There are 2 protein chains.
Amino acid sequence: MKIEQELQTGKFRNEQHKASLNIMFTAYVLHRSVAAALKPFGITPEQYNVLRILNGKRADKLCVKDIAGRMIERSSNVPRILDRLENKALVSRERSPEDGRESLIGITPKGIELVENMTEAVEKNAHVLALTDSEAWTLNELLDKSRG
Amino acid sequence: MKIEQELQTGKFRNEQHKASLNIMFTAYVLHRSVAAALKPFGITPEQYNVLRILNGKRADKLCVKDIAGRMIERSSNVPRILDRLENKALVSRERSPEDGRESLIGITPKGIELVENMTEAVEKNAHVLALTDSEAWTLNELLDKSRG
DNA sequence: GCACAATAAATGTATATACATGTATGTAAA
DNA sequence: TTTACATACATGTATATACATTTATTGTGC
């Protein structure tokens, strides 16, 4: 469905403004889709992203700012997301011996197992962009360029 | 900057997956930019969207679900956003005489003035996609198609 | 007319973001 | 060495989203 129909309006200042709303709306749809795929696991997309980042760096433990730098939302919320994951025994947290200000975060075996199951569910159930490889490539180019 | 650099990773399942993360990251950047432009007014992007929708339909009052249907996030949060706008005397809310379940929402003169000032600030200060008209058009086509 | 389902909105709870602030630790300059 | 500043993280508050539930009203079938 076209963005005009989705937002029930045709009032866009220009093609760029329309594209801005289109990006935000499409992001919302994607987020909803991932959230739905993760719901049976009781994990939010943000918590899943943290687990995926930790799983991808299983060898070396990461500190909070390393995780934040790899997330879509560079929020100050990572400590609280880690609180919830720690409560579920999916991650471990310890003080860094080299720098006492840093926390070293690792994924637990339970976390690894869960993240693998969740990734399977997301790949199977979440919305995949209905684009050819070539279209997706063009989209990536345009988005990278759009951020200026 | 390319999305690989932004998220400090090259691990994408495919070009579509990469584009999904790219869309969500770009949406986040745009949202931040609008939020920053609105900050001096003490209004959030979501509150601004509601005001813009009401301002665009100044003639006929809208009910809550009309507003929700025009928003990017079709959340159940509209009543609470309206609470905040009503507290600031930017919108009015009354029971519909035709259907007692509905609220009729209108924008106040104070709201109209504010939304016009804010629109000016957003157009001046918020990030505009660094794309040509033709590129923005292609981006819109790809996004519309991507949602399937 | 009345019981029951559907609809519109509001509300409660958990989690997330934004921003300001607090606390501990590290680093560098006086 | 002591003071000042910076860094990393944690925390508090306001606002937002997701989802379930509640309340009020409307519409429908009997």
Side-chain angles (χ1 to χ4, degrees), chain A residues 24-25 27-51 61-69 71-88 90-91 93-105, chain B residues 24-25 27-51 61-88 90-105:
Chain A
M24 290 192 278
F25 179 73
Y28 169 77
V29 170
L30 291 171
H31 186 268
R32 289 293 300 253
S33 163
V34 172
L38 291 174
K39 193 158 185 248
F41 301 93
I43 294 289
T44 65
E46 295 77 14
Q47 289 171 12
Y48 172 63
N49 281 342
V50 170
L51 287 175
K61 295 196 171 180
L62 297 176
C63 67
V64 171
K65 73 171 175 8
D66 292 334
I67 297 170
M71 289 187 70
I72 288 168
E73 312 85 11
R74 274 71 192 281
S75 77
S76 52
N77 202 41
V78 176
R80 276 174 284 214
I81 293 176
L82 290 171
D83 290 344
R84 290 177 191 117
L85 295 174
E86 201 179 6
N87 283 340
K88 295 175 192 167
L90 302 173
V91 306
R93 183 154 43 170
E94 54 184 318
R95 280 283 143 205
S96 166
E98 289 107 49
D99 187 335
R101 294 168 300 180
E102 292 186 342
S103 292
L104 294 182
I105 321 292
Chain B
M24 290 193 277
F25 179 73
Y28 169 77
V29 170
L30 292 171
H31 186 268
R32 288 293 298 256
S33 164
V34 173
L38 292 174
K39 193 158 186 248
F41 301 93
I43 294 289
T44 64
E46 294 76 14
Q47 289 170 13
Y48 172 63
N49 281 340
V50 170
L51 287 176
K61 296 198 172 178
L62 296 176
C63 66
V64 171
K65 72 172 175 5
D66 291 333
I67 297 171
R70 288 173 168 79
M71 291 186 69
I72 289 168
E73 312 83 11
R74 275 72 190 282
S75 78
S76 51
N77 203 41
V78 177
R80 275 174 286 214
I81 293 176
L82 290 171
D83 290 343
R84 291 176 191 116
L85 295 175
E86 200 179 8
N87 283 340
K88 295 172 193 168
L90 303 173
V91 306
S92 63
R93 182 153 45 171
E94 54 183 319
R95 280 285 143 201
S96 166
E98 289 107 50
D99 186 336
R101 295 167 299 181
E102 291 185 343
S103 292
L104 293 182
I105 321 292

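Below, chain A is the first sequence line, B the second, and so on; all start at residue 1. From a predicted model like this one, the values you see are computed outputs, not experimental measurements. We use all heavy atoms of the structure for the numbers below, so side chains are in, but hydrogens, waters and symmetry mates are not.
- Map A:Arg80 and B:Ile81 each onto its nearest nucleotide of DNA chain D; the residue landing nearer the 5' end is A:Arg80.
- Regarding contacts with the backbone of D:dA8, every side-chain N or O of A:Arg93 stays at 4.0 angstrom or more from both OP1 and OP2.
- Nearest to the side chain of A:Lys39, among D:dA10, C:dT15, D:dA20, sits D:dA20.
- In the set C:dA9, C:dA18, D:dT17, the nucleotide with an atom closest to the side chain of B:Glu46 is D:dT17.
- Here the P atom of nucleotide D:dT17 and the CD atom of B:Gln47 are 10 Å apart, to the nearest Å.
- Residue B:Tyr28 forms a side chain to side chain contact (heavy atoms under 4.5 Å, CB included) with just one option from A:Met71, A:Met24, A:Glu73, and that option is A:Glu73.
- B:Leu82 has its CG atom 12 Å from the P atom of D:dT17, to the nearest Å.
- Rounded to an integer number of Å, the gap from B:Glu102 CD to D:dG27 P is 10 Å.
- With values rounded to the nearest 0.5 angstrom, B:Leu82 atom CG is found 10.0 Å from B:Ser92 atom OG.
- Taking atom NE2 on A:His31 and atom C1' on C:dA16, their separation rounds to 8 Å, with Å as the unit.
- For B:Tyr48 and D:dA16, the shortest distance from a side-chain N or O to OP1 or OP2 is not below 4.0 Å.
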With side chain to side chain contact (heavy atoms under 4.5 Å, CB included) as the test, would you mind laying out the steps for A:Ser103 and A:Arg95 before giving the verdict? CA-CA 5 Å; A:Ser103 292; A:Arg95 280 283 143 205; 4.2 Å; yes
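- Spacing between atom CG of A:Leu62 and atom P of D:dC9 amounts to 11 Å, rounded to whole angstrom units.
- Between B:Arg32 atom CZ and D:dA16 atom P the separation is 16 Å, expressed in whole Å.
- DNA chain C is contacted by both B:Asp66 and A:Pro45; B:Asp66 maps to the nucleotide lying nearer its 5′ end (nearest heavy atom per residue).
- Rounded to a whole Å, the CG atom of B:Asp83 is 13 Å from the C1' atom of D:dA16.
- Across the protein-nucleic acid pair, A:Glu73 atom CD and D:dA16 atom P stand 17 Å apart, rounded to whole Å.
- Between A:Arg84 and C:dA16, a side-chain N or O to OP1/OP2 separation shorter than 4.0 Å is present.
- A close approach under 4.0 Å does occur between a side-chain nitrogen or oxygen of B:Thr44 and OP1 or OP2 of D:dA16.
- With the nearest nucleotide of DNA chain D identified for both A:Asn77 and A:Lys65, A:Lys65 has the one nearer the 5' end.
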Are B:Ile43 and B:Leu90 close enough, and set up right, to give a side chain to side chain contact (heavy atoms under 4.5 Å, CB included), and what steps lead you there? CA-CA 11 Å; B:Ile43 294 289; B:Leu90 303 173; 3.9 Å; yes
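- Electrostatic pairing of A:Lys61 and A:Asp66 does not count as a salt bridge here, judged by no charged N lying under 4.0 Å from a carboxylate O.
- Heavy atoms of A:Asp99 sit under 4.0 angstrom from primed sugar atoms or phosphate atoms, though from no base atom.
- Donor-acceptor pairing under 3.5 Å, judged by distance alone, is absent between the side chain of B:Arg101 and the base of D:dG27.
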